[in-house]
A.B. asks: 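This is the structure I want to talk about, given as structure tokens.
Every chain is numbered from 1 and lettered A, B, ... according to where its sequence line falls, protein lines coming before strand lines.
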2 protein chains.
Amino acid sequence: MRADAQRNYARLLAVAEEEIALNGADASLEQIARLAGVGSGTVRRHFPNRHALLAAVFRDRVETLCAHARDRVGRPDTRAALLEWLGEVTTSAATIRGLAMALNRDRSADTEHEHCATTQLTEAGEPLVRQAAGVLAPGVTVADLLALITGIALATEDHPDPAGEAGRLFALTVAGLSPEPR
Amino acid sequence: MRADAQRNYARLLAVAEEEIALNGADASLEQIARLAGVGSGTVRRHFPNRHALLAAVFRDRVETLCAHARDRVGRPDTRAALLEWLGEVTTSAATIRGLAMALNRDRSADTEHEHCATTQLTEAGEPLVRQAAGVLAPGVTVADLLALITGIALATEDHPDPAGEAGRLFALTVAGLSPEPR
DNA sequence: TGCTAAACGGCGGGGGTCTCCGTATCGTAT
DNA sequence: ATACGATACGGAGACCCCCGCCGTTTAGCA
């Protein structure tokens, strides 16, 4: 990769991060190009489509989350290990503007992106779920948990305190809105 | 309202419903105008913004849901009454393309639309929640329940079987993903 | 110091939103 | 039956965005 290409790539990534934090996942690519001081063609060369840009912007964050999942595998308190991780994912999804929408979109992407963020998170979280299977409602999968979290994050996106609200709602779903009285 | 205006309004509403069912809440207003055989100005006159169009398209459905909530008030089995209604809302939100997004958007609309769909549903569902308060987790509000439902609907929008998946996820949150072991 | 392949910028086409205004039409008052 | 004012219509124009393409510049190697 040529030096100028590297520079532009880095600049674009930085600008895109700000712009997405400001305007969400639908931020204008044109505007990002303008702010980065490059032509719109350059954006498109580095990131063929919006999905690619989102993936690049959130890559580090997602990988950190995956790493934290792996760190927690093997802990004796399997339930706490899982719930702590899910809480972290919830906070990230609710706090980082655009992330929830990005996750939601690549869930429904037609082509199987082998390494899209959702897939990564699913694979990283799977062991945590498996080892906590005993304390989970029967039939619950990692995919379910991530779907619920992204849903909650989407629904709280414009709340004054997204992370707080999202955390509260997720806690409710963990405990049950109305557990079967018996 | 002049006769031609009424005709166009009705045509637009019908076309918009189809188009939104097909392409979601972001359907092109221009395209709707074209299909209805009217100028784009006419669309904009009847519905000043996208929110107004969505509200009009979903009004009947939302009112039906509200009516069903009222029908269930006073039933002795308060828990079932509430859960049945929430199930109906979930199915609607997950089945009717664009509805979940519309609900989610008017939740975050800055100006307090006195009678936006979410407000209506909240008011209609409130009595059901109050009378079932005893069997609900403490602190749960109608707004919470509706937020969770729209979140779930958003997250399952592109699933092969949205209603089924949404229903399943909602059932999970009702029962609890991992009820406190005691 | 040349040279070539890679990277760049921006143009043009297609489409969308929103505003505005000249024109056609409806409904009524005469 | 007709004339007239209010109302609704349609589409042009300004602006923005996405996307593909191509002539030009430039980095990095020989």
Side-chain angles (χ1 to χ4, degrees), chain A residues 1-58 97-98 101-102 104-106 108-111 113, chain B residues 1-58 97-98 101-102 104-106 108-111 113:
Chain A
M1 193 161 172
R2 251 168 62 171
D4 53 347
Q6 269 180 302
R7 265 199 313 273
N8 282 334
Y9 184 90
R11 262 189 87 68
L12 279 172
L13 215 51
V15 170
E17 187 167 351
E18 285 178 38
E19 205 52 17
I20 289 174
L22 222 58
N23 300 323
D26 289 324
S28 158
L29 304 184
E30 207 85 7
Q31 170 76 350
I32 290 173
R34 247 172 278 139
L35 290 176
V38 304
S40 67
T42 300
V43 177
R44 223 151 282 291
R45 191 163 332 101
H46 286 296
F47 311 101
N49 50 52
R50 171 170 254 105
H51 187 267
L53 178 60
L54 291 173
V57 164
F58 294 130
R97 193 105 191 267
M101 194 167 287
N104 196 38
R105 283 188 193 164
D106 67 24
S108 61
D110 37 354
T111 73
H113 301 287
Chain B
M1 193 159 172
R2 249 167 62 171
D4 53 346
Q6 269 179 303
R7 265 200 313 274
N8 281 334
Y9 185 89
R11 261 190 86 66
L12 279 173
L13 216 51
V15 170
E17 186 168 353
E18 286 178 37
E19 205 52 18
I20 289 174
L22 222 57
N23 299 325
D26 289 325
S28 159
L29 303 184
E30 204 84 8
Q31 170 75 352
I32 289 173
R34 246 172 278 139
L35 290 177
V38 304
S40 68
T42 299
V43 177
R44 242 150 265 289
R45 189 163 335 99
H46 287 294
F47 311 101
N49 50 52
R50 171 169 256 107
H51 187 267
L53 178 61
L54 291 173
V57 164
F58 294 130
R97 193 105 192 265
M101 196 165 287
N104 195 39
R105 283 187 192 166
D106 66 24
S108 62
D110 37 353
T111 77
H113 300 287

A.B. asks: Between Leu35(B) and Arg11(B), which heavy-atom pair has the shortest distance, and what is it?
C.D. replies: O-NH2, 3.7 Å
A.B. asks: Find the distance Leu53(B):CG to dC18(C):C1' and express it as a whole number of Å.
C.D. replies: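 In whole Å, dC18(C) C1' lies 15 Å from Leu53(B) CG.
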A.B. asks: In this structure, how many angstroms lie between the C1' atom of dG16(C) and the CG atom of Asn49(B), rounded?
C.D. replies: 16 Å
A.B. asks: Does anything in residues 1-12 of chain A reach DNA chain D, meaning a heavy atom under 4.0 Å, and if so which residues?
C.D. replies: Arg2(A), Ala3(A), Asp4(A)
A.B. asks: How long is the span from the CG atom in Leu53(A) to the CZ atom in Phe58(A), to the nearest 0.5 Å?
C.D. replies: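 If we round to the nearest 0.5 Å, Leu53(A):CG and Phe58(A):CZ are 9.0 Å apart.
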A.B. asks: Considering heavy-atom distances to DNA chain C, does Glu30(A) or Gly41(B) have its closest nucleotide positioned more toward the 5' end?
C.D. replies: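 Going by which nucleotide is closer to the 5' end, it is Glu30(A).
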A.B. asks: About how many Å separate CZ of Arg97(B) and CD of Glu18(B), when rounded to the nearest 0.5 Å?
C.D. replies: 14.5 Å
A.B. asks: Throw together a table of side-chain donor-acceptor distances under 3.5 angstrom for residues 26-33 of chain B, partners on residues two or more places apart or in other chains.
C.D. replies:
{"residue": "Asp26(B)", "atom": "OD1", "partner": "Arg105(B)", "partner atom": "NH2", "Å": "2.9"}
{"residue": "Ser28(B)", "atom": "OG", "partner": "Glu30(B)", "partner atom": "N", "Å": "3.3"}
{"residue": "Ser28(B)", "atom": "OG", "partner": "Gln31(B)", "partner atom": "N", "Å": "3.0"}
{"residue": "Gln31(B)", "atom": "OE1", "partner": "Arg34(B)", "partner atom": "NH1", "Å": "2.7"}

A.B. asks: Write down the distance between CD (Glu19(B)) and P (dG15(C)), rounded to a whole number of angstrom.
C.D. replies: 14 Å
A.B. asks: Please name the pair of heavy atoms, one in Gly98(A) and one in Ile20(A), separated by the smallest distance, quoted to 0.1 Å.
C.D. replies: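 Heavy atoms of Gly98(A) and Ile20(A) come nearest at CA-CG2, 4.3 Å.
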A.B. asks: Would you tell me if any nitrogen or oxygen in the side chain of Thr42(B) comes within less than 4.0 Å of OP1 or OP2 on dA8(D)?
C.D. replies: no
A.B. asks: May I have the distance from Phe47(B) (atom CZ) to dC9(D) (atom P), rounded to whole angstrom?
C.D. replies: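 Going from Phe47(B) (CZ) to dC9(D) (P), I get 11 Å.
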A.B. asks: If you compare all heavy atoms of His51(B) against all heavy atoms of Asp106(B), which two are closest, and at what distance to 0.1 Å?
C.D. replies: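 Taking every non-hydrogen atom into account, NE2-CB, 2.9 Å.
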A.B. asks: By the 4.0 Å heavy-atom rule, please label Arg45(B) as base, sugar-phosphate, or nothing.
C.D. replies: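 Touches a base.
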A.B. asks: Please report the distance, rounded to the nearest Å, between CG in Asp26(B) and C1' in dC18(D).
C.D. replies: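 Nearest whole value for this atom pair: 15 Å.
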A.B. asks: Let's see if you can work this out: which of dC19(D), dC18(C), dC17(D) has an atom nearest to the side-chain heavy atoms of Ser40(A)?
C.D. replies: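 Closest of the options to the side chain of Ser40(A): dC19(D).
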A.B. asks: Would one find a side-chain N or O of His46(A) under 4.0 angstrom from OP1 or OP2 of dC8(C)?
C.D. replies: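 Answer yes for this pair, as a side-chain N or O of His46(A) is under 4.0 Å from OP1 or OP2.
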A.B. asks: Does Arg50(B) put a side-chain nitrogen or oxygen below 4.0 Å from OP1 or OP2 of dT17(C)?
C.D. replies: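 Checking Arg50(B) against dT17(C): at least one side-chain N or O falls below 4.0 Å of OP1 or OP2.
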A.B. asks: Any side-chain N or O of Arg34(A) less than 4.0 Å from the OP1 or OP2 oxygen of dC17(D)?
C.D. replies: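 Yes, such a contact exists.
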A.B. asks: In whole angstrom, what separates Asn23(A)'s CG from dC16(D)'s P?
C.D. replies: 15 Å
A.B. asks: Among dC18(D), dT17(C), dC9(D), find the nucleotide with the atom closest to the side chain of Leu29(A).
C.D. replies: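 Ranking dC18(D), dT17(C), dC9(D) by closest atom to the Leu29(A) side chain puts dC18(D) first.
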A.B. asks: Of all heavy-atom pairs between Ala25(B) and Arg50(B), which one has the smallest distance, and what is that distance?
C.D. replies: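 In terms of heavy atoms, the two residues are closest at O-NE, 2.9 Å.
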A.B. asks: Can you measure Arg44(B) atom CZ to dC21(C) atom C1' for me and round it to whole angstrom units?
C.D. replies: 16 Å
